[in-house]
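Contents: one structure, followed by commentary.
Fair warning: this is a prediction, and the values are worked out from it, not measured in the lab.
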Amino acid sequence: MKRITPSHGLWRAFATFLAFATLLPPTLTASPAMEKLFYILKQKGSITADEYDLLVQTMKDEERNEPKVAKTTSSPAIVQRLEQAESKVENLESTLMNTKGQVEELSRVSDNTSPSTMSKTDLDALLSDKWYERIKVRGYIQNRFIGLIGDGDRPGVHQPNDAFVSDTQSMGIRRGRLILSGDVTDHVYLYLQSDYMAGVGGVNALQARDVYADVSLDPAREFRVRLGLSKVPYGFSNLQSSQNRYALERPDALNSAVEGERDIGAYFIWAPYEIRNRFKDLVKAGLRGSGDYGVFNVGVFNGQGINNADQNGDMHYIARMAWPFQFDNGQILEVGASYYSGRYVPTTAAMGAFAAPTVIGGGGVKDTRTAINAILYPQPFGLEAEWTWGEGPQLSDDLRTISSASLNGGFVQAVYRHVFPNQSELLPFVRWQHFDGARKFATNAPKTNVDEFAVGLEYIPYPELELTLMYSQGTRTNTTDNPAGAGARYRDVNYSYLGIQAQINF
């Protein structure tokens, strides 16, 4: 994942736009014609989709005499990046000269529409590539070591998000992701993600993580419909990719809402063009954004979790709003709120001498939550806070029934980002998390209490490699599925551990 500053991307787009404008004939200086050429270059692979978005946005701003170039300083790092951008602009100029035939062909197209509304005849005449040539391939691998510290109550510690936090495992591959994505047509964006190291029944297995399509409803792609297996738009930390997170795993309170973060669903998504670019820039600039899930997102999902069939025929309903405010000094603050409601059918099983608990409520147990978040992105100091409240399935104290009970929890995290002149990065962080509720996805929906403090350090020598060291200590309820003995109850376990992770990006 390439890490650049937001100002670098905007300067690059602005400079590239000027380079194109000086080389194009006068008949192509109108916005629709320019957009067509940029579209052709993107489809041919001469420029990336991100470069296309920046060029179109910069072109529109220039026509309104409103160039939106982020404020910057004259630091050596910024100067160096601008020089690199100028060099890339020269390469793009050379690319444009090599597409002279396309430019001449473009000048003969008489309609004045955007690429998304060009006739099939014109598109066929201008483009000869195939849809599969526009697909990108990327991914990452997380190699992890976890070492429990001290004896105490360490036998029995169980962290739902990370099987390596135990007295029986220590080293392995936490995630092995391969992603295929791209615009397969003018209106359809496809995203496929697989995990080669998914934990299924105690062993690693190949698992589908994302299989969805975004269908754009307008040329600017401000209105979209997302269909398929994708992340449920709840909260911030659930939507932030594991590739971009500082701490090794997500906080329990938020992740317990949708373990695995994904489900089959359908969502209507809206965001203004410039805000979509801002969401993208927060990731590309190394600020660890959640990605583009829209300013407003509303929809339905099954509610039983990733790769699980629906159990009651009732949908979960969800809505999310988020806005990344940008201040005059370039600092970005994102605030958001989420809400979902539905009925969840928990999995049950016998526990020692106890029979499987009875689920109270026909068609599932009431499952509803609200979350709020505020993210001050690290420029260089950052702060994250997120909290959730609601009701969900919970095993009774006598282990005999499962009914809806209240829950709450969240986290606060602080981080400092230091970028060295050679573009390597050092990111120390601290996080406190709390959760008082139940794990509805665990067998019998056991109640759990979590209080944990973690301190860590991430070092990025170059974009392809990220090294993380994290120390955690806390107390959490042992939520193994079958406590032994008729009088057994779930108990709190004190623990501390050291985690080391090497993430390889490709």
[Y]/[X] salt bridge by N-O under 4.0 Å criterion:
{"X": "Glu249", "Y": "Arg144", "answer": "yes"}
{"X": "Arg276", "Y": "Asp292", "answer": "yes"}
{"X": "Arg226", "Y": "Asp214", "answer": "yes"}
{"X": "Arg224", "Y": "Asp218", "answer": "no"}
{"X": "Arg250", "Y": "Glu259", "answer": "no"}
{"X": "Arg278", "Y": "Asp281", "answer": "no"}
{"X": "Glu384", "Y": "Arg431", "answer": "no"}

Is a donor on one side and an acceptor on the other found under 3.5 Å between the side chain of [X] and the backbone of [Y]?
{"X": "Asp195", "Y": "Ala208", "result": "no"}
{"X": "Asp263", "Y": "Gln304", "result": "yes"}
{"X": "Thr388", "Y": "Thr370", "result": "yes"}
{"X": "Ser338", "Y": "Gly235", "result": "yes"}
{"X": "Arg400", "Y": "Pro357", "result": "no"}
{"X": "Arg320", "Y": "Asn297", "result": "no"}
{"X": "Gln501", "Y": "Phe145", "result": "no"}
{"X": "Glu222", "Y": "Tyr273", "result": "yes"}

Would you say [X] has more than 12 foreign heavy atoms packed within less than 6.0 Å of its [atom1]?
{"X": "Tyr191", "atom1": "OH", "value": "yes"}
{"X": "Lys280", "atom1": "NZ", "value": "yes"}
{"X": "Tyr196", "atom1": "OH", "value": "no"}
{"X": "Tyr462", "atom1": "OH", "value": "no"}

Original post:
What residues, two or more places apart in sequence or in another chain, satisfy ring-ring contact (aromatic ring centres under 6.0 Å, His included) together with Phe441?
Top reply: Tyr344
With a 3.5 Å cut-off and no angle check, do the side chains of [X] and [Y] form a donor-acceptor pair?
{"X": "Ser256", "Y": "Arg369", "value": "yes"}
{"X": "Asn302", "Y": "His316", "value": "no"}
{"X": "Asn494", "Y": "Thr475", "value": "yes"}
{"X": "Tyr459", "Y": "Glu425", "value": "no"}
{"X": "Gln240", "Y": "Arg245", "value": "no"}
{"X": "Glu466", "Y": "Asn505", "value": "yes"}
{"X": "Ser242", "Y": "Arg175", "value": "yes"}
{"X": "Tyr140", "Y": "Gln142", "value": "no"}
{"X": "Ser230", "Y": "Asp210", "value": "no"}
{"X": "Glu386", "Y": "Ser237", "value": "yes"}

Original post:
Stepwise, does the side-chain contact (heavy atoms from CB on, under 4.5 Å) test hold for Tyr471 with Ser496?
Top reply: CA-CA 7 Å; Tyr471 171 78; Ser496 60; 3.5 Å; yes
Value rounded to 0.5 Å, distance of [atom1] in [X] from [atom2] in [Y]:
{"X": "Asn444", "Y": "Ser396", "atom1": "CG", "atom2": "OG", "value": "10.0 Å"}
{"X": "Ile360", "Y": "Ser404", "atom1": "CD1", "atom2": "OG", "value": "11.5 Å"}
{"X": "Ile306", "Y": "Glu261", "atom1": "CD1", "atom2": "CD", "value": "7.5 Å"}
{"X": "Thr477", "Y": "Phe435", "atom1": "OG1", "atom2": "CZ", "value": "10.0 Å"}
{"X": "Ser290", "Y": "Phe236", "atom1": "OG", "atom2": "CZ", "value": "5.0 Å"}
{"X": "Leu239", "Y": "Tyr293", "atom1": "CG", "atom2": "OH", "value": "5.5 Å"}

In terms of ring plane angle, is the pair [X] and [Y] parallel, tilted or perpendicular, where the classes change at 30° and 60°?
{"X": "Phe223", "Y": "Trp270", "answer": "tilted"}
{"X": "Tyr416", "Y": "His418", "answer": "parallel"}
{"X": "Trp432", "Y": "His434", "answer": "parallel"}

**OP:** Take Lys447 and Asp436 through the salt bridge (Lys or Arg N to Asp or Glu O under 4.0 Å) test and state the conclusion after the steps.
**Re:** CA-CA 8 Å; Lys447 179 176 173 55; Asp436 182 10; 2.7 Å; yes
Subject >> Leu287 and Arg417: CA distance, side-chain angles, deciding distance, side-chain contact (heavy atoms from CB on, under 4.5 Å) verdict >> reply: CA-CA 9 Å; Leu287 297 179; Arg417 183 190 185 206; 3.3 Å; yes
Original post:
What about Tyr234 and Tyr340, are their ring centers closer than 6.0 Å?
Top reply: yes
Can you confirm whether [X] sits close enough to [Y] that some side-chain heavy atom of one is under 4.5 Å from a side-chain heavy atom of the other?
{"X": "Asn143", "Y": "Arg174", "result": "no"}
{"X": "Asn161", "Y": "Asn255", "result": "yes"}
{"X": "Phe420", "Y": "Leu426", "result": "yes"}
{"X": "Pro160", "Y": "Arg439", "result": "yes"}
{"X": "Val365", "Y": "Pro346", "result": "yes"}

Original post:
Can Tyr377 and Glu334 be said to form a side-chain hydrogen bond (donor to acceptor under 3.5 Å, both in side chains), step by step?
Top reply: CA-CA 8 Å; Tyr377 287 96; Glu334 180 179 333; 2.5 Å; yes
**OP:** For salt bridge (Lys or Arg N to Asp or Glu O under 4.0 Å), just list the numbers for Asp183 and Arg221, CA-CA rounded to whole Å, side-chain angles, deciding distance to a tenth of an Å, and then say yes or no.
**Re:** CA-CA 12 Å; Asp183 296 310; Arg221 303 185 180 184; 2.9 Å; yes
Original post:
Among Asp492, Asp252, Asp162, which one satisfies salt bridge (charged side-chain N to carboxylate O under 4.0 Å, His left out) with Arg476?
Top reply: Asp252
Original post:
Taking all atoms of both residues into account, what is the closest heavy-atom pair of Ala337 and Asn373, and its distance?
Top reply: N-OD1, 4.4 Å
Subject >> side-chain contact (heavy atoms from CB on, under 4.5 Å) assessment of Tyr267 paired with Val300 >> reply: CA-CA 7 Å; Tyr267 310 99; Val300 296; over 6 Å; no
Original post:
Is there a side-chain contact (heavy atoms from CB on, under 4.5 Å) between Leu376 and Ile332 once you walk through the steps?
Top reply: CA-CA 6 Å; Leu376 182 68; Ile332 296 178; over 6 Å; no
Original post:
salt bridge (charged side-chain N to carboxylate O under 4.0 Å, His left out): which pairs involve residues 494-503, sequence neighbours left out?
Top reply: none
